[in-house]
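These values consider heavy atoms only, across backbone and side chains, with no hydrogens, waters or symmetry-generated copies. Numbered from 1 within each chain, the chains take letters A, B, ... in sequence-line order.
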Amino acid sequence: MADAPAYRYTAALAGRIELEWQKRWAEEGTQHTPNPEGDLADGFQRVAARPKLYVLDMFPYPSGSGLHVGHPLGYIGTDVFSRFKTMTGHNVLHPMGFDAFGLPAEQYAVQTGQHPRVTTEDNIANMRRQMERLGLGFDWRRCIATTDVDYYRWTQWIFLQLYNAWVDPATNRARPVSEAPDGDVERLVYQDDALVNWCPALGTVLANEEVTSEGRSERGNYPVHRVPLRQWKMRITAYADRLLEDLDRLDWPEPIKAMQRNWIGRSTGARVFFPTDGAAVEVYTTRPDTLYGATFMVVAPEYGGLDDLVAPEWPAGTPARWTGGGTTPAEAVAGYQAEVSGIRDVDRLSAARDKTGVFTGSFATNPVNDEKIPIFVADYVLAGYGTGAIMAVPAHDQRDFEFAREFDLPVVGVVETPEDWQWDEAYEGPGRAVNSPLIDGLPTDEAKARITAWLEAEGRGQGAVAYKLRDWLFSRQRYWGEPIPVVYDDAGNVHAVPEDQLPVELPELDNYEPEVSDDPDDMTVPQPPLARARDWVEVTLDLGDGPRRYRRETNTMPQWAGSCWYYLRYLDPHNDRALVDPAIESYWMGDEADKQPGGVDLYVGGVEHAVLHLLYARFWHKVLYDLGHVTTPEPFQRLFNQGYVLANVFRDERGQPVPALDVVEEDGAFFYEGKPVTREQGKMGKSLKNSVTPDEMYEAYGADTLRLYEMFSGPLDTSRPWDTEAVVGVYRFLQRVWRLVVDEDSGALRVTDAPLDDESRRELHRTIEAVRDGMESLRFNVSIARLMELTTALARANQPSREGVEPLVLMLAPLAPHISEELWGRLGGTESVTRQDFPAADPEWTRQDRITIPVQVKGKLRGTVDVDAGATQADLESAARAEPKVAGYLSEGSWRAIVVPGRLVNFVPA
RNA sequence: GCCCGGGUGGCGUAAUCGGUAGGCGCGGGGGGCUUAAACCCCCCUGGUCCGCAAGGGCCGUGUGGGUUCGAGUCCCACCCCGGGCACCA
C-alpha cells in the first residue's frame, strides 16, 4: 500500500475527497430544494420554470444498531434518481426523516430509566451521520421526526379533524360534524367496546394487522387474546370503496394493488332475513342462488342477538351430538362460548381444524321454502364479518359441508354438478340451479340476480356488499406515542381538546413500566403507563364553558399515525399555523396535467408496507382531501418496491447463527471454529450475525464505491446477496475513471483537447442514450455497465479526449457524486456537477450508417454481413448469399430468403 | 388451499418490439510490473467434440409440448424457489 503511486484513487484519497465535498455541499446548501414561497423559498427563481419532482423514501425507525449496508439500498437508488433528474432540469424534492415513536426506545427506558427521547435523538444523530457520510443528497433542513413536539402537534390536529368529521352519505365524502343536519352521525373516530387483541407479554392491545395468522404478536411472537375493552377506532371502512376503486388510477406494482384489494376484500351478495320464533336473523351470503340448499344456520359465538335464540330446553329428539353435553341449550351455548374465548383463541384463528359448535335449540324458517332449519353456534363463523350469522349450504360451501358431516345434517344439492361428482366435498363452482322452484335452470349469475330481486320484492332481503376490511384499532397502552388529544368529564363524556390547546405533550415519568404480565395468558388489562402521571391526567381546562376538571385520555396512538402524513410535513416543516401551506402543498403534490391523482411522484420502499402503512396513509389523505386540506385524492402516484440486500446466514448444529465474518470455506463446506456450519440466504441483521456496516465499507473503499456497488449488483427492485468480495470490481472501475483524468504519479491532468474520432464519438453517444435509459427506469446496473465499457474505450487512447471524459464524469455524477465533483473540478469546472446538464445524445451520432446483420440458414447462425443501414431486401439477400460461410451451406438445393431489413436474413428451403 | 413474483455460465446480472444468448462485474486460469508479495495492468474463461494449429461441429436460458422462417422472450401443461392471504360465507 505504501508504494502505491501518490495520486492513485485509494480508499484514503476517496475518504478525503468525500469528506471535503460533503462539507462543501453542507456549507453551500447544494442539496437544498427551494419552495415556491415561505421560509424555504430562497433560490426558487432559478428553478421556477422547471417541472417539480417529489421523490420520497419510506423513512426509517431510528434503531440503536444504526444502518447496515442493506438499509440504504433504496435511499441510494432515490438519491441517484434525484440527482439525475436534477441534472435533466427538474426541481427535485428528496427529503428524509425518522419514524421515531416505537417500542424499542420505550423498552430501553423501562430497563435503564433513560427517557425515550434521549435514546431516540442519539439514534437519529447516528443514523443521520451515516447517511450524510454516504453522500445522500437530502435537504436536511426539512428533516422531521414523528416524535418532535412540533410534528406530533399536527398528528393530533389530524386526529381531531377525523374525530370531528363524518362521511355524508349524500356525497360519500367526509364533512365536519358541525355541518351535520343532526348531531347523531358516525364520526370517523369513535370508541368501541369490541373484542381487542390483548397481548399480556407486551402489555398492550394490538391491531388485527399486528397479529399473525397463528394468533400471536407480530413483534415478539407472544400469545394474543381476544378480550372486550373500550378502545379508539378509526372508521376506515367508510372509505373501503374509494380505497379500492382509486387503486386503478395509481402507478403501483400490480402485486401490491392485489394485496390491498384482497385486504379490503369487497364481495357482493345479499342479506336475507330468516324468521325465527323471536326476532328475524339476518344473514349475508354471496350465493343467494343456493338459498334452497340452506339446511341449517350458524351464528358466531359473539353474535349480538344470540341470547334471544337460545331455547329454554332441548327440543324433543335433539341428537346428543348437538348438545355439547349441556343439559339445556343455555348451558351448552355458555360452555361453548367459554371454550372458544380465552386461551382457545390461539387455536381458533388457525384454519383447517375440525368444525365445532352446539345447537341453540331453536329454528329459523328458510324464506324460500318455509322449511324449519336448526340454528347452531360455531366459531367458524366470525362475528366481525357480514352480519355474524350465515345460512349454511353444505352442498355448495366446503366449511358448511364439513360442519354438516360433523353434525349429521342434510346436504341438499341445488346447483347442477359435473357428471361424476362424488360428494366427498362441496361443489362450489357455478352451474344451473336445480331443486329451486323460483330459479330452476338459470345459470348462477342469473339465479343470483333473480333470487335477489325476489327477496327485495317480498321484503325478505336485499342486495348487499361486504368487506373483509375492519375499522382501525387506534389505541395503544404505551408511553412512547402521540397522546390522544381528548379528555373526559366527571360523567365520562368525551371532549376533544380544542385545536388552539394543542399540542398535548407527553408528561415526564419516573417509571416507564407498562405493567407487563409474566404470565402470557394473563387476561387482566392494566392501566397504561400514562395513568401514572397523576398531575398530567388530572387537568383543569377551559373548553368554552369556563375552567373545569377533566381526566386526560391515557392511551396513545399507534406507530402508524406519524407515518400517515409525514410526506406532507416535509413540504413545509416549520409552519406553525398549518400542517402545510396550501400553496406549497399544491406545488409539490399537484399534478399539472390533472389526469392523474397526483401526489408524490416516486415513493420507494420495501414490500413489507404493502398493506398497513400504505392503506392507512391513503385513508388519512382522503379524509384531508375531503376536508379541503390537500389538493389530491391520493398521496402516492407512483410506488416502487426496492429489493433487499440478502446475506449468508451460517448456523451451527443447534441452529444458532454464528458470526458470518469468521466462517471459513473449505472445498465447498463451511466451518466456524473448526466445526461445520450450514449456509442459507437471509436478510442482513444483527440477530443473524451477518451485518456489514457502511462504516466498514467507507473505510475499505470509500462511499462512492459502496454506492456504486449497491447500484451495480442488480436492478433496484431485485433482492441480491451481499458479496464483500465483489465490491472490488466497482472500486477498480472508479480507479480507471480517475486515471483517465489524473496521472497517478504526478497528479497532472491527462486529458487532451483533441476531439474523438468518429467511431469513438458514435460509441459515446450510444452510451449516453443507454445510460439515460437505465437511469430513467431505475436500472442503474445497466447504466453502470455501459459506463464501464465507455471507460475502457476512452482508456485505449494514449491521452483521453476531453470530449469523451467530460460526459463520462457528468454521467457518473448521480452515482458517485464525490469523485465526480473532484474530477469535474480538475477538468476546470467551477460550479458543482449537480448544477450541470446531464449529457444528451446527439441523434447525428447515434444513427448507425453501417450495421452488422446476422445471416441464418434454417434458423441457425452461419455468418454475418456488414451493410448500409438503409440496405434494401434485395441488397441484403445478395450480400448474404455472397458471404462465403453462408454460401457453403447454400451450395445444394434451392433456398428462399426471409429478409427483415435492419435485422437479419434467414435462408430456408424453397 | 387461493393469489402474486421468479428460474439464463461457478456467482450477481445483461439481452425492454420474437431476430447474432452470455455484454458488464466477481470468481477462476495465464501473462506483465516487482528482489518478492500486495496493489495495478493485459489476455483467456457456458458445456462438449474434432483439429498440431487456424478453425469448425453439436448441445445449451427449470422440464415437456406447441405456435413461428426464427422462442430466454408468445401459448399450454408440469417441476422447483420466494412472497402474500388463509374458516371473510
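Regarding contacts with the backbone of B:C87, every side-chain N or O of A:Gln398 stays at 4.0 angstrom or more from both OP1 and OP2. Between A:Lys860 and B:C59, a side-chain N or O to OP1/OP2 separation shorter than 4.0 Å is present. Listed pair A:Asn781 / B:A14 meets the phosphate criterion, a side-chain N or O lying under 4.0 Å from OP1 or OP2. OP1 or OP2 of B:G57 has at least one side-chain nitrogen or oxygen of A:Arg862 nearer than 4.0 Å. For A:Ser267 and B:A89, the shortest distance from a side-chain N or O to OP1 or OP2 is below 4.0 Å. Neither OP1 nor OP2 of B:G56 sits under 4.0 Å from any side-chain N or O of A:Tyr889. For the OP1/OP2 pair of B:C17 and a distance below 4.0 Å, the side-chain nitrogens and oxygens of A:Arg903 include no atom meeting the criterion. Phosphate proximity of B:C40 to A:Arg732: present, with a side-chain N or O under 4.0 Å from OP1 or OP2. At the phosphate of B:G56, OP1 or OP2 sits under 4.0 Å from a side-chain N or O atom of A:Lys885.
Within the nucleic acid shown, A:Ser719 comes within 4.0 Å of sugar-phosphate atoms alone, with no base atom in reach, counting heavy atoms only. Among the heavy atoms of the strands lying under 4.0 Å from A:Gln856 is at least one base atom, whether or not backbone atoms are also near. Within the 4.0 angstrom heavy-atom criterion, base atoms lie near A:Val900. Using a 4.0 Å heavy-atom distance criterion, A:Arg736 is classed as a sugar-phosphate-only contact. A:Glu402 comes within contact range of no nucleotide atom at all, as no heavy-atom separation falls under 4.0 Å. A:Arg786 comes within 4.0 angstrom of no nucleic acid atom, judged by non-hydrogen atoms across all strands. If you check every strand for non-hydrogen atoms under 4.0 Å, A:Pro715 touches sugar and phosphate atoms only. If you check every strand for non-hydrogen atoms under 4.0 Å, A:Ala726 touches sugar and phosphate atoms only.
Distance CE (A:Met788) to P (B:G12): 17 Å, rounded to an integer number of Å. Residue A:Tyr385 contributes atom OH, which lies 7 Å from atom C1' of B:A89 at whole-angstrom precision. When the P atom of B:G25 is taken as reference, atom CG of A:Leu706 falls 20 Å away, rounded to whole Å. One interatomic measurement links the two molecules: CG of A:Asn262 to P of B:G84, which rounds to 13 Å at whole-angstrom precision. As rounded to whole Å, 18 Å separates atom C1' of B:C81 from atom OH of A:Tyr644. B:G84 atom P lies 13 Å from atom CG of A:Asn641, rounded to whole Å. The interatomic distance linking A:Tyr303 (OH) with B:A89 (C1') rounds to 14 Å, in whole Å. Counting to the nearest Å, the C1' atom of B:G7 and the CZ atom of A:Arg720 are 18 Å from each other.
The listed nucleotides are B:C40, B:A89, B:C24; the one nearest the side chain of A:Leu382 is B:A89. Closest contact between the side chain of A:Thr852 and the listed nucleotides B:C39, B:G84, B:U20 involves B:U20.
Side chain of A:His765 to main chain of A:Ala841: no donor-acceptor pair is present (N/O by atom type, distance under 3.5 Å, no hydrogens or angles).
Look at B:G82: its Watson-Crick or wobble partner, with both distances under 3.5 angstrom, is B:C4. Pairing of B:A38, defined by two Watson-Crick or G-U wobble distances under 3.5 Å, is not identified with any nucleotide. Here B:C17 sits opposite no nucleotide as a Watson-Crick or G-U wobble pair (both hydrogen-bonding atom distances under 3.5 Å). Across every strand in view, B:G64 sits in a pair with B:C76 that passes the Watson-Crick or G-U test at under 3.5 angstrom.
B:G6 and B:C75 are spaced 12 Å apart, taking the P atom of each and rounding to whole Å. Using P as the reference atom, B:G7 and B:A14 are 9 Å apart when rounded to the nearest Å. The same atom, P, is picked in B:G5 and in B:A77; the two are 15 Å apart, to the nearest Å. A distance of about 32 Å separates the C1' atoms of B:G65 and B:G12, rounded to the whole Å. Look at the C1' atom in both B:G9 and B:G60: the space between them is 10 Å, to the nearest Å. A distance of about 22 Å separates the C1' atoms of B:G62 and B:C58, rounded to the whole Å. Rounded to the nearest Å, the gap between the P atom of B:G28 and that of B:G10 is 16 Å. On the P atoms, B:A21 is 8 Å away from B:G72, given to the nearest whole Å.
The side-chain tip of A:Lys683 points at the ring of A:Tyr644 from less than 6.0 angstrom away and within 45° of straight on. For the pair A:Lys355 and A:Phe403, the NZ or CZ position fails the cation-pi test of under 6.0 Å to the six-membered ring centre and within 45 degrees of the ring normal.
Taken from CD in A:Glu744 to CZ in A:Arg8, the straight-line distance is 4.0 Å, to the nearest 0.5 Å.
In this pair, A:Tyr385 and A:Tyr284 present their aromatic rings perpendicular. The plane angle is above 60°, beyond the 30 to 60° band.
Two residues, A:Thr285 and A:Ser777, neighbour RNA chain B, and the one matched to the more 5' nucleotide by heavy-atom proximity is A:Ser777. Each of A:Ile784 and A:Glu254 has a nearest nucleotide on RNA chain B; the 5'-most of these lies closest to A:Glu254.
Side-chain atoms of A:Trp895 and A:Pro909, non-hydrogen and from C-beta on, do get closer than 4.5 Å to each other.
Not less than 6.0 angstrom separates the ring centroid of A:Phe780 from the ring centroid of A:Phe712. Aromatic ring centres of A:Tyr889 and A:Phe907: separated by at least 6.0 Å.
Partner of A:Thr285 under the side-chain contact (heavy atoms from CB on, under 4.5 Å) criterion, chosen from A:Asp397, A:Val272, A:Leu291: A:Val272.
Glycosidic conformation at B:G9 (O4'-C1'-N9-C4 for purines, O4'-C1'-N1-C2 for pyrimidines): syn, within 90° of 0.
Side-chain N/O atoms of A:Lys858 and base N/O atoms of B:C69 include no donor-acceptor pair closer than 3.5 Å.
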